[in-house]
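Worksheet for the structure shown next.
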Amino acid sequence: MRFLSFIQLLVISASGALSESSDVEGCVVGERMDVNISALPEGIDPNNIRKCAEHPLSGLVEPMDERACHWGDPAGCTRGYCWKSCGLPNSGNWCWTATHDGWGDWIRCNANSDCRTSYACGTGNCAACGCSC
Ligand SMILES: *[C@@H]1O[C@H](CO)[C@@H](O)[C@H](O)[C@H]1NC(C)=O
């Protein structure tokens, strides 16, 4: 690996060959955030967009894995990351929350009380983005 040039690494990660491991940007899961800067909503600073699109716990965390529906607490902390219920009442939908209207970093936490329903759902083109179950 260390014998590959930076350009070769870029080509390999663009082809998806390394999509299951850390890429050159150090993403734990998936790939870098691919954002059309000129199509960003007003007020979102491109400098605040997170580096990696996917949530580091995407698909890994029980009972939040496979986007299983969740009923109960409206917001909480699971393995250091905030999530919240969202969508229609009693729909069971939930999302991982992120700063900067969902474009920024995934919100970290130590306790359920650190997480708020006012936080935005993570947005962008990633499996853990958006509100669903
Ligand atoms: C990026 O967004 C702008 C404005 O919406 C659009 O004109 C342009 O075609 C987009 N570029 C790509 C590569 O999608």
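Side chains are part of it too, since the values below use all heavy atoms of this structure and drop only hydrogens, waters and symmetry mates. Start at 1 and go down the list; that is how both ligands and their atoms are numbered.
- Classification of the W96-H55 ring pair by plane angle, with boundaries at 30° and 60°, yields parallel.
- Residue pairs meeting the side-chain hydrogen bond (donor to acceptor under 3.5 Å, both in side chains) criterion with at least one member in residues 112-133, sequence neighbours excluded: R67-S132.
- Under a 4.0 Å criterion applied to the non-hydrogen atoms of N36, ligand 1 contributes the atoms 1 (C), 2 (O), 3 (C), 8 (C), 10 (C), 11 (N), 12 (C), 14 (O).
- Both the sub-6.0 Å distance and the 45° axial angle are not jointly satisfied by R50 relative to the ring of W103.
- C115 has its SG atom 2.5 Å or further from the SG atom of C109.
- Among protein heavy atoms, the minimum distance from atom 3 (C) of ligand 1 is reached at S38 OG, 3.5 Å.
- The single protein non-hydrogen atom nearest to atom 5 (O) of ligand 1 is A39 CB, 3.9 Å, given as residue, atom name and distance.
- Protein non-hydrogen atoms do not reach within 4.0 Å of atom 9 (O) of ligand 1.
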